[in-house]
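One structure is given below, represented as structure tokens, and several questions about it will come after.
What you see is a predicted model; the values in this text were computed from it and never measured. Just so you know, residue 1 is the first one in the sequence shown, and it goes up from there.
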Amino acid sequence: MDKRLKSELQVFNQSTVGESPGVIPGLAIRKLAGCPEHPTERISVGLATFGPGTHEHLHWHLIGTFHYVVSGKGIVRDIEGNVYEVGPGDVIYGPPGLRGAHEWEVKEMLQILTIKGTTDPGRAIQFNIDRGTMQSS
């Protein structure tokens, strides 16, 4: 074994990571990877906690998003209005662009592991969609 090789393995408990407010009231995020404290090359991982009654309106991202429901219950709607009741163990994948547009309606506290295919905050932004006009902002 080469003694000059230094491990960069990171092992930590998510409870040691501080929460930050999310993009909407009722949402808090713990950045687990892809941040200065836990740098990664290509992905951003967060533990998102939505309070009961939280509603995140229809939106889309420039990059693919992957969500894994850890606990709680909610409803996910796609751009066509299809409704998916989600709970622990469910996976939600949104491809980049309008095809992956989705919204969240939280029934009880919902915790999801959210993975985005970039560490660039400028590419991880979301665009809200007005359901009436279907215009993004």
Side-chain angles (χ1 to χ4, degrees):
M1 172 64 104
D2 186 344
K3 298 291 183 192
R4 295 170 290 169
L5 182 64
K6 293 280 274 174
S7 174
E8 292 187 19
L9 181 71
Q10 296 181 33
V11 177
F12 59 95
N13 188 286
Q14 61 89 16
S15 66
T16 65
V17 178
E19 282 188 340
S20 301
V23 295
I24 59 168
L27 172 61
I29 306 280
R30 290 182 195 268
K31 293 291 282 184
L32 303 178
C35 58
E37 297 81 13
H38 305 288
T40 59
E41 185 178 329
R42 294 189 180 124
I43 63 168
S44 173
V45 180
L47 183 63
T49 303
F50 293 84
T54 301
H55 184 229
E56 185 174 26
H57 294 282
L58 187 64
H59 65 280
W60 60 277
H61 303 272
L62 295 171
I63 43 88
T65 59
F66 176 93
H67 307 290
Y68 176 82
V69 179
V70 176
S71 64
K73 293 190 186 295
I75 293 174
V76 176
R77 283 186 200 82
D78 66 20
I79 196 163
E80 295 177 24
N82 296 310
V83 174
Y84 305 92
E85 292 194 25
V86 297
D90 287 330
V91 171
I92 301 95
Y93 169 69
L98 288 170
R99 298 173 304 125
H102 59 283
E103 68 181 311
W104 295 90
E105 184 180 328
V106 178
K107 298 296 185 189
E108 60 185 55
M109 186 173 353
L110 180 71
Q111 217 173 35
I112 62 171
L113 188 64
T114 180
I115 302 170
K116 295 181 177 156
T118 185
T119 57
D120 178 358
R123 294 201 29 85
I125 62 172
Q126 68 185 45
F127 298 90
N128 292 325
I129 301 172
D130 180 304
R131 274 209 183 268
T133 64
M134 295 307 281
Q135 291 188 337
S136 298
S137 61

### More than 12 heavy atoms from other groups under 6.0 Å of CD on Glu85
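No - once you tally the heavy atoms of other residues, nucleotides and ligands closer than 6.0 Å, there are 12 at most.
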### Query
Tell me, do Arg77 and Leu58 make a side-chain contact under 4.5 Å, heavy atoms counted?
no
### Query
Honestly curious: do Val23 and Phe66 fall in one hydrophobic cluster under the side-chain, below-4.5 Å linking rule?
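They do not share one cluster, since no chain of ILVMFWY contacts under 4.5 Å joins Val23 to Phe66.
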### Query
If you group Ile, Leu, Val, Met, Phe, Trp and Tyr by side-chain heavy-atom gaps below 4.5 Å, do Val45 and Ile112 land in one group?
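No; tracing contacts between hydrophobic side chains, which count when under 4.5 Å, never links both residues.
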### Task
Considering non-hydrogen atoms only, spot the tightest contact between Ile24 and His55 and give its length.
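In terms of heavy atoms, the two residues are closest at CD1-O, 3.7 Å.
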### Whether over 12 other heavy atoms sit under 6.0 Å from Arg42 CZ
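No, not enclosed.
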### Task
Enter the distance from Ile29:CD1 to Cys35:SG here, rounded to the nearest 0.5 Å.
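It is 12.0 Å, given to the nearest 0.5 Å.
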### Task
Quick one: pull up OH in Tyr68 and CG in Leu113 and give me the separation to the nearest 0.5 Å.
9.0 Å
### Task
Take Ile129 and Leu98, measure what side chain to side chain contact (heavy atoms under 4.5 Å, CB included) needs, and give me the verdict at the end.
CA-CA 9 Å; Ile129 301 172; Leu98 288 170; 3.6 Å; yes
### Message
For residues Leu27 and Val76: do they belong to one hydrophobic cluster (side chain heavy atoms under 4.5 Å, members Ile, Leu, Val, Met, Phe, Trp, Tyr)?
### Response
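Yes, Leu27 and Val76 fall within the same hydrophobic cluster.
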### Query
Any chance the side chains of Thr118 and Asp120 put a donor and an acceptor closer than 3.5 Å?
no
### Query
Could you give the distance from CD1 (Ile63) to OG1 (Thr119), rounded to the nearest 0.5 Å?
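One gets 10.5 Å once the value is rounded to the nearest 0.5 Å.
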### Query
For Glu108 and Gly72, which heavy atoms make the closest approach, and how far apart are they?
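Taking every non-hydrogen atom into account, OE2-CA, 3.7 Å.
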#### Entry: Value rounded to 0.5 Å, distance of CD in Glu103 from CD in Glu105
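Answer for the CD-CD pair, Glu103 versus Glu105, is 7.5 Å.
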### Task
Please check if Ile75 and Val69 belong to a single hydrophobic cluster, counting links between Ile, Leu, Val, Met, Phe, Trp and Tyr side chain heavy atoms closer than 4.5 Å.
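Looking at the clustering, Val69 is in a separate group from Ile75.
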### Message
With a 6.0 Å cut-off on the ring centroids, do His38 and Phe12 count as close?
### Response
yes
### Task
Please report the C-alpha distance between Phe127 and Leu62 in whole Å, then the side-chain angles of each, then the deciding distance to 0.1 Å, and finally whether the side chain to side chain contact (heavy atoms under 4.5 Å, CB included) criterion is met.
CA-CA 9 Å; Phe127 298 90; Leu62 295 171; 3.8 Å; yes
### Task
Start with the C-alpha gap between Ile79 and Met134, add the side-chain angles, then the distance that decides, and say whether side chain to side chain contact (heavy atoms under 4.5 Å, CB included) holds.
CA-CA 9 Å; Ile79 196 163; Met134 295 307 281; 3.4 Å; yes
## Note on the structure
For Ser71 and Pro88 the tightest heavy-atom approach is CA-CG, 4.0 Å
## Note on the structure
In this structure, CD of Glu19 is separated from CD of Gln14 (nearest 0.5 Å) by 8.5 Å
### Task
Would you please test Ile92 and Trp104 for side chain to side chain contact (heavy atoms under 4.5 Å, CB included) and show each step?
CA-CA 11 Å; Ile92 301 95; Trp104 295 90; 3.8 Å; yes
### Query
Between Thr54 and Leu110, is any pair of side-chain heavy atoms under 4.5 Å apart?
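Sidechains of Leu110 and Thr54: no contact.
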### Task
Decide if atom NZ of Lys31 counts as having more than 12 heavy atoms of other residues, nucleotides or ligands within a radius under 6.0 Å.
yes
### Task
Could you tell me whether the side chain of His59 and the main chain of His102 form a donor-acceptor pair under 3.5 Å?
yes
### Atom pair OG1/OH of Thr65 and Tyr93 - distance to nearest 0.5 Å
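Here the rounded value is 7.5 Å.
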### Query
Checking Arg30 side chain against Val17 main chain: does a donor-acceptor pair fall under 3.5 Å?
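Here the side-chain-to-backbone pair exists.
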#### Entry: Closest contact, heavy atoms only, Val86 versus Asp90
CA-OD2, 3.2 Å
